[in-house]
Amino acid sequence: MSAEPSAPEVRLDGRVAIVTGSGRSLGRAYAIALAAAGASVVVNDVDADSAARTVADITAAGGAATAVVAAVGTAEAAEALVQAALSEFGRLDVLIANAGVLRDRVLWKMSDDDFDAVITTHLRGSFTCGRAAAIALREQDQGGRIVLIGSPAGQFGSFGQTNYAAAKAGLVAMARTWSLELARAGITANAVIPTALSPMTATIPAYTQVYEDFVAGKGIPESYRRDHALGSPEDVAPLIVWLASELSGDVTGQALGIGGDRLTLYSHPDVLATADSDGGWSAAQIDEAWRERFAPLAQRSGPPASD
Ligand SMILES: NC(=O)c1ccc[n+]([C@@H]2O[C@H](COP(=O)([O-])OP(=O)(O)OC[C@H]3O[C@@H](n4cnc5c(N)ncnc54)[C@H](O)[C@@H]3O)[C@@H](O)[C@H]2O)c1
């Protein structure tokens with residue numbers, strides 16, 4: 001289905017959003033799109049220069065933004081972001097928890113530092129920012145939007161990404177949990193599973209050349225935009241704008257993917273089959289049940305083959 005060209009523009013005037021890791025790539029595209037739709041944006045990055053560039057570009061285009069340079073992961077950084085929204089713009093409506101790093105290694109080579117760096121930024125960063133935002137939004141008592149950024153790695157597992165896959169799967173579980181806990185306050189919590197060409201994707205050998213061509217201005221082949229759901233960071237931003245808006249007030253606890261030309265709704269983890277045995281199961285009975293009933297239904301790990 002193609003997008004309806006005459007659909008009305010989605011506006012966010014008067015809303016205030018925090019976007020972590022918005023100095024470059026996807027986070028930058030989210031901050032710029034939110035500001036273009038009328039939101040005031042707290043731009044955050046650990047890199048001061050890139051955060052300043054995003055703010056400068058937003059203000060040059062007539063938008064409102066302020067930078068908070070901090071490494072998300074601590075309660076202090078989360079608090080500083082929320083305080084900046086309240087002191088600079090007077091309120092908070094939207095949190096986009098996007099900041100992240102990769103430390104890819106196969107399990108037997110992954111160090112504690114590799115594991116902790118990724119868990120701290122993605123999972124603890126989203127938890128601390130989500131908690132600080134939830135406190136402010138509940139106090140404000142006008143609803144709100146929390147968007148956590150997942151990954152296909154968290155949905156399917158990913159070779160060499162123990163830390164990242166665990167953090168990203170955890171984020172989706174957090175969003176689903178918060179959708180329950182924050183429903184009464186009118187605060188939605190969703191996970192976005194983006195795919196886009198960025199320095200992060202460039203580290204995947206299969207996409208290195210496509211990324212280099214994209215950066216060189218050679219465009220993105222149609223097959224990548226559709227079958228690999230891989231486009232520019234700007235292709236992902238409309239989903240963030242929609243989730244930040246009034247229109248998505250009844251959407252919560254969902255994992256939605258977007259990249260290139262493709263929008264995706266992910267399933268919740270579900271029961272595929274059950275079997276009962278009077279008085280419980282022996283190991284031998286489990287083996288029999290596995291082979292006869294469960295094995296044909298078992299799903300593979302790893303990303304789905306592109307169609
Ligand atoms: N690019 C993709 O296809 C893709 C796919 C799935 C998920 N994601 C997720 O989207 C998000 C953005 O990815 P990207 O491709 O734009 O990555 P990127 O590496 O290009 O940008 C990440 C930004 O976050 C900043 N950052 C890192 N650690 C930080 C911290 N502790 N505090 C504040 N800022 C920090 C970096 O300086 C950088 O500006 C990440 O959460 C990533 O896991 C990306």
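Quick note: numbers below take in every heavy atom, side chains included, and nothing from hydrogens, waters or symmetry partners.
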Throw together a table of side-chain donor-acceptor distances under 3.5 angstrom for residues 166-177, partners on residues two or more places apart or in other chains.
| from | atom 1 | to | atom 2 | distance (Å) |
| --- | --- | --- | --- | --- |
| Lys168 | NZ | His122 | ND1 | 3.0 |
| Lys168 | NZ | Ile149 | O | 2.5 |
| Arg176 | NH1 | Gly253 | O | 2.6 |
| Arg176 | NH1 | His268 | ND1 | 3.2 |
| Arg176 | NH1 | His268 | NE2 | 2.9 |
| Arg176 | NH2 | Ser267 | O | 3.4 |
| Thr177 | OG1 | Ala173 | O | 2.8 |

If you look only at distance, which donor and acceptor atoms sit under 3.5 Å apart when one is on a side chain in residues 99-106 and the other is two or more places apart or in another chain?
| from | atom 1 | to | atom 2 | distance (Å) |
| --- | --- | --- | --- | --- |
| Asp104 | OD1 | Gln161 | NE2 | 3.2 |
| Asp104 | OD2 | Gln161 | NE2 | 3.2 |

Which atom pairs, donor and acceptor, lie under 3.5 Å between side-chain atoms of residues 41-52 and protein residues at least two apart or in another chain?
| from | atom 1 | to | atom 2 | distance (Å) |
| --- | --- | --- | --- | --- |
| Asn44 | OD1 | Gly21 | N | 3.1 |
| Asn44 | ND2 | Val68 | O | 3.1 |
| Asn44 | ND2 | Ala70 | O | 3.0 |
| Asp45 | OD1 | Asp47 | N | 2.9 |
| Asp45 | OD2 | Gly23 | N | 2.9 |
| Asp47 | OD2 | Ser50 | N | 2.9 |
| Asp47 | OD2 | Ser50 | OG | 2.9 |
| Ser50 | OG | Asp47 | O | 3.2 |

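Looking at Thr195, its side chain does come within 3.5 Å of a backbone N or O of Ala229 through a donor-acceptor pair. A donor-acceptor pair under 3.5 Å links the side-chain atoms of Gln285 to the main chain of Ser282, judged by distance alone. At least one donor-acceptor pair under 3.5 Å links the side chain of Thr201 to the backbone N or O of Ala196. At distances below 3.5 Å, not a single donor-acceptor pair connects side-chain atoms of Ser248 with backbone N or O atoms of Val251. A distance-only check finds no donor-acceptor pair linking the side chain of Thr203 to the backbone of Pro199 [under 3.5 Å]. Under a 3.5 Å cut-off, the side chain of Thr208 and the backbone N or O of Ala202 do form a donor-acceptor pair. Side chain of Gln254 to main chain of Thr252: a donor-acceptor pair is present (N/O by atom type, distance under 3.5 Å, no hydrogens or angles). Ser179 places no side-chain N or O within 3.5 Å of a backbone atom of Ala189 that could act as its donor or acceptor partner.
Taking CG of Leu12 as the reference point, atom CZ of Arg145 lies at 10.0 Å (rounded to 0.5 Å). Taken to the nearest 0.5 Å, the CD1 atom of Ile96 stands 9.0 Å off from the OG1 atom of Thr20. The distance from the CG atom of Leu86 to the CD atom of Gln140 is 7.0 Å, given to the nearest 0.5 Å. Atom OG of Ser22 is separated from atom OH of Tyr30 by 11.0 Å, given to the nearest 0.5 angstrom. Note that CZ of Phe159 is 10.0 Å distant from CG of Leu107, once rounded to the nearest 0.5 Å.
A pairwise comparison of heavy atoms in Ala64 and Phe89 identifies CB-CE2, 4.1 Å as the closest pair. Nearest heavy-atom pair, Leu34 versus Ala244, reported as atom, atom and distance to 0.1 Å: CD2-CB, 3.8 Å. Looking at every heavy atom in both residues, Ala165 comes nearest to Ala153 through CB-O, 3.4 Å. Considering all non-hydrogen atoms of both residues, Pro194 and Val236 come closest at CB-CG1, 3.8 Å. Considering all non-hydrogen atoms of both residues, Leu256 and Tyr266 come closest at C-CD1, 4.4 Å. Taking every heavy atom of both residues into account, Pro304 and Arg300 meet most closely at CA-NH1, 3.9 Å.
Cluster annotation: Leu81 is not connected to Ile135 through the hydrophobic network of ILVMFWY side chains, with a link wherever side-chain heavy atoms come within less than 4.5 Å. Note: the hydrophobic cluster containing Ile193 does not contain Tyr224 (ILVMFWY, side chain heavy atoms under 4.5 Å, direct or indirect links). A continuous path of Ile, Leu, Val, Met, Phe, Trp and Tyr side chains, each step under 4.5 Å between heavy atoms, connects Leu123 with Ile18, placing both in one hydrophobic cluster. The hydrophobic cluster containing Leu137 also contains Val82, counting ILVMFWY residues as joined when their side-chain heavy atoms lie under 4.5 angstrom apart, directly or transitively. The hydrophobic clustering, which links ILVMFWY residues whose side-chain heavy atoms are closer than 4.5 Å, places Val94 and Val10 together.
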Task: Trace of the side-chain contact (heavy atoms from CB on, under 4.5 Å) decision for Leu197 with Leu230 - done: CA-CA 7 Å; Leu197 291 166; Leu230 206 56; 3.7 Å; yes

Task: Chi angles and distances behind the side-chain contact (heavy atoms from CB on, under 4.5 Å) call for Thr128, Val72 - done: CA-CA 8 Å; Thr128 49; Val72 302; 5.7 Å; no

- [ ] Output, in order, the C-alpha distance, side-chain angles, deciding distance and verdict of side-chain hydrogen bond (donor to acceptor under 3.5 Å, both in side chains) for Asp114 and Ser111.
- [x] CA-CA 5 Å; Asp114 294 331; Ser111 69; 3.1 Å; yes

Open item on the list: Evaluate Leu95 against Val147 for side-chain contact (heavy atoms from CB on, under 4.5 Å), listing each step before the verdict.
Closed with: CA-CA 6 Å; Leu95 166 70; Val147 178; over 6 Å; no

TODO: Test Thr188 against Ile146 for side-chain contact (heavy atoms from CB on, under 4.5 Å), laying out the working first.
DONE: CA-CA 6 Å; Thr188 67; Ile146 296 178; over 6 Å; no

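More than 12 heavy atoms of other shown residues, nucleotides or ligands fall within 6.0 angstrom of atom CZ in Arg11. Remark: Asp112 CG is loosely packed, at most 12 non-hydrogen atoms of other residues, nucleotides or ligands lying under 6.0 Å away.
Using a 30° and 60° split on the angle between ring planes, Phe294 and Trp290 fall in the perpendicular class, above 60°. The aromatic rings of Tyr207 and His228 sit perpendicular, their planes meeting at an angle over 60°, well past the 30° parallel limit.
Under the rule for a salt bridge (charged side-chain N to carboxylate O under 4.0 Å, His left out), the partners of Arg225 that lie at least two apart in sequence or sit in another chain are Asp235, Asp261. In this structure, the salt bridge (charged side-chain N to carboxylate O under 4.0 Å, His left out) partners of Arg91, at least two apart in sequence or on a different chain, are Asp93. Taking the side chain to side chain contact (heavy atoms under 4.5 Å, CB included) definition, one finds that Asp213 meets it with Gln209, Lys218, sequence neighbours left out.
Ion pairing of Glu234 with Arg28 is absent here, as no side-chain N (NZ or NE/NH1/NH2) approaches a carboxylate O to less than 4.0 Å.
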